[in-house]
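Here the structure is laid out as structure tokens; the discussion comes afterwards.
Just so we're on the same page: letters track the sequence lines, and every chain starts at 1.
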Amino acid sequence: MKALLNNSFLDLLRTQTVAGRQLRELLLLTVFLVLIWGVTALLSPRFLSLDNLSDILVQAAPLGFVVLGQMLVIVVRGLDLSVASIMATAAVLSIGANDSIVSIVILALGVGFVVGAVNGYLVAYRGVTPFLATLATMIVLQGIRFAYTKGAPGGSLPETFRWLATGDIAGIPVSLIILAVVAVAIYWLLMRSKFGYQIRLFGDNPQSAYMSGVPVRKIQMIVFVISGVLAALAGLFLVGYVGIVDNWTGQGYALDSIAAAVIGGASLRGGKGSVAGVLLATLILVSLFNIVVILGLSVEFQLVIKGTLIILAAAVYLSKSRD
Amino acid sequence: MISIDQGRSFKATLKTWARATRFESLHWVIIGLILMVFALGSIGSERFATLANIFNVQDQLVVLAIIALAQTLVILSGGIDLSFAGMLGLLCVFFAGFNAQDTQTLALAIAATLALGAFLGGINGVITAYVGVHPFIVTLGTSTVLTGLALLHSNQPSGSVALFFEDVVYARIAGVPCGFIFVICLYALTAFMLWRSNFGIRLYAIGNNEVAAQISGVPVKQTKVLVYAVSGLLAALAAIYMVGRFGVGDPRAGVGFDLRSITPVIVGGTLLAGGFGGVLGTALAVILLSLLANALNLMNVSSFYQWIVEGLIIICAVSVLVGRSKK
Amino acid sequence: MSKAILAARKLSKSFGTNQVLSDIEFEVHPGAAVALCGENGAGKSTLIKLMTGLYQPSSGHIEFCSEKVNWRTPSEGIDAGVAVVHQEFSTMSALSVAENIFIEALPRTRWGLIDRKKLRVQTVNLLDSLEIQLDPDQIVAQLSVAQSQMVEIAKALRTSAKVLILDEPSAVLSQLETQHLFKIINALRLKGLAIVYVSHRLDEIFEICTDIAVIKDGVVTSAGPIADYDQQKIIAAMVGRELGDMFPPKASIERLSEVVLELQQLRNNSFDQAVDLSLYRGEILGIAGLVGSGRTELAQSIYGARAATGRVLLEGRELGKRTPSKCLSAGIAMLTEGRKTDGLFAQSSVAHNYISSTISKGASDFNIATDLAAQRSATVVAQFNVVVDDLGLPISHLSGGNQQKILLGRLLENQPKVLILDEPTRGVDVGAKAEIYRHLRALANSGLAILVISSELIEIVGLCDRVCVMRDGAIAAQLQADEISEDNIMSVAAADDSEQQPLDIEVQCVNVKSISSTQAPI
């Protein structure tokens with residue numbers, strides 16, 4: 001920590017550089033998270049108990065997976081409205097058809113892969129707006145899922161699933177470990193690989209990227225596939241956490257993941273997004289629910305706060321980028 | 001050279017009408033599909049082609065039609081409005097909360113609800129136009145806030161409205177339901193305003209090319225605020241109709257309408273990017289989609305398959321439109 | 001002399017730290033036509049936007065009818081009587097001709113509704129008076145570029161304007177259309193209108209203007225009656241230095257022997273014309289022509305950014321299905337015309353912009369060190385003399401000239417054999433221009449083949465070894481050595497298709513090359 005706080009860090013924080021601005025946004029998010037946690041802890045000491053905190057983290061995991069994919073899509077000027085539908089469909093189809101955990105996971109991720117590829121194909125090769133392409137797949141998936149289950153999903157959840165979603169290794173929740181692995185992978189992909197540079201450049205200016213020889217179609221395609229696969233993974237974890245397979249699993253995750261990505265610093269105008277930022281934002285969104293409950297407020301308050309936060313965050317980032 | 005003194009031929013009049021209603025060849029396809037659904041529906045079910053059933057369709061149609069109309073205006077201006085989920089919920093509980101039993105209270109309730117709708121829509125517009133936040137984010141945010149407020153107000157369907165108002169909503173003039181007539185009037189009025197009012201032309205101008213519009217002296221920001229306010233106003237109308245229909249104000253009345261409102265707009269040929277399209281296309285698309293749902297229902301096709309069909313229609317429509325915009 | 005109707009007094013404008021205009025003094029009188037001259041990026045468009053209320057001045061003010069005014073929106077300027085034909089088209093393609101012309105001034109019925117009948121009559125009358133033949137009900141999206149320009153002009157003239165500002169109105173017009181436009185302008189001027197006319201074509205200025213003001217780097221460097229000027233004096237005031245210093249010496253024609261790039265019957269999707277062309281090692285070939293003559297489309301179709309048929313041979317080998325990415329790896333690199341639209345990554349850092357077409361050069365695709373981009377771009381910054389505080393800054397913080405140097409450096413990272421440069425000095429200050437010309441010549445001397453597209457005739461004439469003039473998507477003439485002059489180029493480029501004008505090489509003209517050899521006076 002000391003090394004981080006040396007002069008160059010403070011210098012970077014003050015500059016107008018791309019990295020400096022990103023760092024300031026991260027700091028702002030961290031301060032905000034600490035602030036709301038601090039205030040809640042003052043009002044209700046129970047909040048900071050290890051149990052409660054780990055509960056928040058475990059709850060945050062499924063949304064975390066979705067947000068990481070959603071963020072990548074938003075960086076390339078897209079939007080993925082189909083993530084919630086993918087979550088439910090992957091879970092329902094795979095668990096309905098299988099008993100063994102390996103085949104469930106393979107089947108679920110396969111569903112995510114295929115749907116992501118369809119989204120990517122429509123956007124990259126057919127020129128459909130991401131909004132409409134993913135809206136359409138969202139609705140189609142909904143139909144397929146209900147038609148397959150005839151409205152009542154079946155199949156039993158293997159015990160291992162419950163453990164993956166709620167269990168822990170040496171006190172650290174398993175889902176959190178997996179999320180961390182995925183997050184590091186995505187971070188590396190975005191910040192250190194050629195592909196990641198291309199993603200960010202494409203998001204900044206698709207025309208310039210094309211003229212610079214960036215394989216623009218391939219990039220959009222892969223990003224949507226990643227988002228689909230991560231959403232399928234999230235579906236399995238959510239089902240494991242809740243313990244019930246439901247046709248509406250993940251309802252609200254599409255808009256929530258977009259909200260978290262935006263609060264975390266991604267811009268719908270593309271080219272901007274950070275792994276740490278969107279994970280912090282996910283944590284903020286998930287803790288809001290917990291905080292409202294612990295403070296004995298009406299549950300709906302979290303909606304009011306959440307909505308305000310979305311607009312506020314977007315406005316703040318906008319005014320910052322104008323400097 | 002165009003002569004203007006000569007009496008205009010029938011063909012020229014027709015051309016003007018086509019331009020005024022923003023009719024385009026794509027709409028023939030939709031009309032063809034409507035006829036096809038009608039034919040298939042009549043074969044598939046005896047009840048389908050009856051007048052009773054056709055008016056039955058309008059029950060499901062009125063709210064969607066009004067919301068899709070609002071969405072059309074916003075999309076034409078180059079924006080998008082995803083706040084209907086929260087907006088309808090809050091406006092429903094607000095209107096029903098008056099418990100209006102006499103004409104006076106009812107008038108007050110209607111006026112207040114319309115004003116609140118326009119005001120809330122206006123907030124969307126102000127944040128979009130003056131702060132510069134993407135309308136998707138703004139309306140997503142306000143929708144969340146409004147849903148929260150509606151649920152805080154009452155978690156269950158609550159309030160009431162005078163029975164005579166419900167009667168009006170259920171009434172039929174010469175066998176045609178009031179709601180149906182109301183929607184037709186609303187669409188006609190909007191189409192007329194788009195053709196004959198400054199607001200209408202400004203809407204197309206900013207949706208088509210915001211920079212050019214600004215250079216030409218169009219008050220871009222004010223127009224944006226106005227279009228979101230009108231969208232809110234229309235949402236209020238839909239909410240009042242819903243309360244009249246169900247007798248109570250349901251805070252969850254708007255669930256799903258945010259995304260559902262977009263399908264007819266797009267299928268009707270309005271470009272998501274703004275500037276091109278019109279209300280006629282939306283009207284035809286609403287008819288097509290509700291007829292289709294109705295036909296499938298009567299043929300005992302599960303609603304699950306209807307979703308698949310709806311999604312595929314969007315993909316087909318958009319693929320056709322992509323080809324068109326590339327020209 | 002009558003009082004000025006529109007004037008700028010000590011007018012300055014800056015965007016952030018970028019001072020675009022400083023202490024501008026400018027005035028225009030009724031019945032006069034002032035030519036506003038200056039190179040691209042000198043600040044002409046900004047001045048016009050300030051004088052019409054689209055921008056607000058940072059300091060100083062605008063005077064209209066000898067009174068200080070403070071217009072906050074374009075409509076206030078329009079209402080007062082300042083009409084503008086903008087350089088960027090301000091037509092709205094989804095609206096009809098009539099709606100475009102009369103937007104924000106639509107005739108109303110007494111109910112406040114738009115009177116469509118009256119709108120039609122008004123439009124027909126206006127178009128008739130201007131002798132423009134267009135259907136008022138046609139959607140502008142269906143019009144040609146020249147026709148939309150006519151809509152633009154009609155739109156500016158719909159009001160009883162006192163001042164008419166035209167920002168490069170003839171850039172897309174043929175000779176016949178330009179003559180038509182001049183007739184309209186002269187008639188209006190004689191009626192007492194004040195005209196501000198911006199153009200790159202100096203011959204036009206002498207034809208219709210009475211006064212001139214020259215802007216260079218945001219300062220008025222010279223102003224007065226047009227009679228006091230000749231072309232050389234204007235050029236000297238615009239460029240601000242001796243032309244001999246601007247352009248390095250050209251290559252000798254004898255050196256051009258080895259064909260690097262050959263186009264055979266290349267035909268793109270915008271024009272029904274095939275292009276055959278050879279590009280030699282070590283030469284700078286200029287492509288001239290009006291806006292819309294197919295220059296950019298030709299470049300894009302070579303680079304694979306536009307669908308085309310025909311063959312493209314690089315060093316004798318045919319390139320199969322071309323895409324920008326394949327062309328880059330084969331050895332063809334292109335600098336695009338619109339720096340903002342398809343050149344820069346505005347929000348990304350200088351370093352990331354620099355490496356964008358060679359991201360993982362010197363590293364593995366999956367492990368690119370965080371500071372690799374900055375290290376690589378540090379060398380080009382030194383080589384091209386780029387002024388930048390920090391390579392991590394968004395490239396939008398840099399001046400146009402420095403941005404262009406970074407983009408040029410980016411192309412060279414691909415080690416190309418052929419460079420296609422579309423408007424390489426647009427929005428670049430004079431100092432940086434001279435540097436870019438020097439670098440281009442050095443690159444050509446080192447064996448690159450360079451294709452330069454430019455609207456600046458001075459640049460084409462001064463820089464290029466050979467020049468192709470395009471018209472309607474085809475190469476209408478090829479010029480070399482002493483044939484390369486502004487007049488020769490324009491007489492081909494703006495010729496009307498109806499009349500086949502033979503190229504007259506004997507015409508006495510201002511030849512920049514001769515200026516550079518005789519050391520023109522400032």
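Interface remark: B:Arg196 contributes backbone and side-chain atoms alike to the contact with chain C (heavy atom separation under 4.5 Å). For C:Ser93, the parts lying near chain B are the backbone and the side chain together; criterion is any non-hydrogen pair under 4.5 Å.
Of all the listed residues (C:Leu95, C:Asp115, C:Asn100), the one sharing the greatest number of non-hydrogen pairs under 4.5 Å with chain B is C:Leu95. Of all the listed residues (C:Thr109, C:Ile78, C:Leu113), the one sharing the greatest number of non-hydrogen pairs under 4.5 Å with chain B is C:Leu113. Your options are C:Leu119, C:Ile103, C:Leu127, and the one with the most heavy-atom pairs under 4.5 Å with chain B is C:Ile103.
Here the shortest heavy-atom pairing between C:Ile139 and B:Arg19 reads CD1-NH1, 3.2 Å. Residues C:Ala94 and B:Arg22 share a closest heavy-atom pair of O-NH1, 4.0 Å. Across every non-hydrogen atom of B:Trp195 and C:Arg116, the tightest pair is O-NH2, 2.6 Å.
Evaluation of the salt bridge (Lys or Arg N to Asp or Glu O under 4.0 Å) test over residues 153-166 of chain C, restricted to residues two or more places apart or in two chains, returns none.
Interatomic distance, CG of B:Asn208 versus CE of C:Met92, reported as 7.5 Å (0.5 Å rounding). Rounding to the nearest 0.5 Å places NZ of B:Lys15 at 5.0 Å from CG of C:Asp135. To the nearest 0.5 Å, atoms CD (C:Glu152) and OG (B:Ser216) are separated by 7.5 Å. To the nearest 0.5 angstrom, B:Ile215 atom CD1 is 6.0 Å from C:Lys49 atom NZ.
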